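Each remark here refers to the structure printed beneath this line.
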Amino acid sequence: MKLKALNGFKDILPGEVELWQGVETMARQIFTRFGFSEIRMPILEKTELFARSIGEATDIVEKEMYTFSDKQITMRPEATASLLRAYLEHGLHVQKPVQRLFTIGPMFRHERPQKGRLRQFHQMDAEVLGAESPLVDVELMSMGSMFLDQLGLSVTLELNSLGCPACRPAFREKLLAFIDARHEALCDDCQRRSATNPLRVLDCKNRNCRHQVEEAPSIQEHLCQECADHFQAVQQGLQQLNVDYSLNKFMVRGLDYYTRTTFEFITSDLGAQAAVGAGGRYDGLIERLGGPAIPGIGFALGLERLILLLQQKNETTLTSHCDLFIAGLGQAASSLAFSLVHTLRRNHLHVLMDLEDRGLKNQMKQANRAGAGHVLIIGEEELEKGQAILRNMVSQEQQMITLPGQIQDRQTTIDALLTIING
RNA sequence: GUGGAUGUAGCUCAGCUGGUGGCAGCACCUGGUUGUGACCCAGGAGGUCGUGGGUUCAAGUCCCAUCAUUCACCCCA
């Protein structure tokens, strides 16, 4: 085979698609229950939008975006930027003070693929715009937690606060001093990071670095009064709703726009890609995009990672069931079956038949594979008498059914079939 | 961008120190009952051994290159 999908791009085949649909349905149900409305945005946006929101100096913007440079447009690497653009463009912030929005769709990042990481991947995104209350943070996390729980996945919620422009600079200085004092002991990556993004050093997986950083100053102890109060209220709210969480003073974000509350849903079952979902507050972002000073918070869940977890968890024997298979033997019977199948489909039945003139044995096999509850066998002998055999594939019982002689009689047969099959 | 591993049937994989590609499993087709599925039995079809070079009398097997996949680093959902 010469033509293949691009590296990092995957087909989702029948058998797996059902799992995706299940997850998406669950998400829509639960998000709707929390008052969220779905919004869908285009995949292409002006490159500038992502540069301004995600941050010029981030890895995503620096080297991972699929950009048509001659046109200055980019395939979205995440959803928040597009969502906020749409939110401002259509004046949603004027229509309602608080908007709860979610979206599901593909994102694109040119990274080296590995387990749980693709170049085209899918995220579910939930965002609350216009609300500053810590209870909103609590509600959002509890929603994510409820969703994952309903899927039967056990993940842990980790929580941190990144402070705000008022308190973060001071902490940054203090952290830099700490890191500089241990510069020689850190790995090459961390030495580089200490210059570009010192917060990232806290997040290094190198065991030695982790050890070095154990006593590092905690952002949680350097928050300004407002941020500290907010963080405190978030924790109280989580406790009130019995949402389990643990504090992680080392958690940082890869996108520049986060402030205050940040959180991740973590699993230990996906190898290196531990985060199935992550998000946080971004109180300055809407303003940065040219809108009014409106606070916001949101999170994204990685669909591929959820699917992997679900697949690992249980053998997904999602067998499709069809109501009826019609097996016709011979030209006349097949022809009758053909129109009967069509009519039954109009009556909302899931009906199949073979169109290749195969033998009865083969047709029975097909019916079995399709998980048919009943098979209607129209043989030549029965057809002459205006009858057919209806076989219950589970109980193996068979009964004679009268076939429609005239078009007008058809409804009688349909009704009889419907009664038996649905009954 | 950097490392490691792996490319044999539609899928999962055997194939030893080079000697003609596997009665291998799943799936598929046909038959075992004139016209009855799952189970069983018999048979069948299916492959330029990723690609291109090299070594050799002889390469799926050894060497080099290349492409692809994958895991990890990095980064992130």
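This one's a predicted model, so the numbers in the text were calculated from it and none came from an experiment. Worth knowing before you read on, the calculation uses all heavy atoms, side chains too, and leaves out hydrogens, waters and symmetry mates. Just so it is clear: chains get the letters A, B, ... in the order the sequence lines come, proteins before strands, and each one is counted from 1.
Closest to the side chain of A/Glu381, from the set B/A72, B/G35, B/A77, is B/G35. In this structure, the nucleotide among B/U70, B/U36, B/C71 sitting nearest to the side chain of A/Lys115 is B/C71. Candidate nucleotides B/A77, B/G37, B/C73 were compared by shortest atom distance to the side chain of A/Ala275, and B/A77 ranks first. Set against B/U36, B/A77, B/G3, the side chain of A/Met364 has B/U36 as its closest nucleotide. Counting only heavy atoms from C-beta on, A/Ile377 has its side chain closest to B/G35 among B/C75, B/G35, B/C73.
Residue-level contact check: A/Leu118 touches the bases, meaning some heavy atom is under 4.0 Å from a base atom. Across all strands, A/Gln363 comes closer than 4.0 Å to no nucleic acid atom at all (heavy-atom distances). At a threshold of 4.0 angstrom between heavy atoms, the contacts of A/Glu78 with the nucleic acid are absent. Nucleic acid contact class of A/Ile389 (heavy atoms, under 4.0 Å, all strands): base.
Pairing partner, B/A72: B/U2, with both Watson-Crick or wobble hydrogen-bond distances short of 3.5 Å. Nucleotide B/U48 forms a pair with no other nucleotide shown, judged by Watson-Crick or G-U wobble geometry with both contacts under 3.5 Å. When both pairing distances are held under 3.5 Å, B/U56 makes no Watson-Crick or G-U pair with any nucleotide shown. B/G7: Watson-Crick or G-U partner is B/C67, with both key distances under 3.5 Å. Nucleotide B/A27 is matched to nothing when pairs are restricted to Watson-Crick or G-U wobble geometry with both distances under 3.5 angstrom. Of the nucleotides present, none pairs with B/G37 by Watson-Crick or G-U wobble criteria with both distances under 3.5 Å.
Place A/Arg117 and A/Gly302 on RNA chain B by their nearest nucleotides, and A/Arg117 ends up nearer the 5' end.
Contact annotation: A/Arg369 side-chain N/O to B/C28 OP1/OP2 distance is under 4.0 Å. Close to B/C29, at under 4.0 Å from its OP1 or OP2, lies a side-chain N or O of A/Asn362. The phosphate of B/U70 has OP1 or OP2 within less than 4.0 Å of a side-chain N or O from A/Lys10. When the side-chain nitrogen and oxygen atoms of A/Gln114 are compared with OP1 and OP2 of B/A72, one or more of them lie within a distance under 4.0 Å. For B/A68, the OP1/OP2 oxygens have no side-chain nitrogen or oxygen of A/Asn7 closer than 4.0 Å.
One interatomic measurement links the two molecules: CG of A/Leu360 to P of B/U36, which rounds to 6 Å at whole-angstrom precision. Atoms CZ (A/Arg119) and C1' (B/U70) sit 13 Å apart, rounded to a whole Å.
For the residue pair A/Lys63 and A/His110, no side-chain donor N or O sits within less than 3.5 Å of a side-chain acceptor on the partner. Inspection of the A/Asn392 and A/Gln398 side chains reveals no N or O donor paired with an N or O acceptor under 3.5 Å. Between A/Gln363 and A/Arg358, the side chains place no donor N or O within less than 3.5 Å of an acceptor N or O (distance only, hydrogens not considered).
Using a 4.0 Å cut-off between a side-chain N of Lys or Arg and a carboxylate O of Asp or Glu, A/Arg28 and A/Glu38 qualify as a salt bridge.
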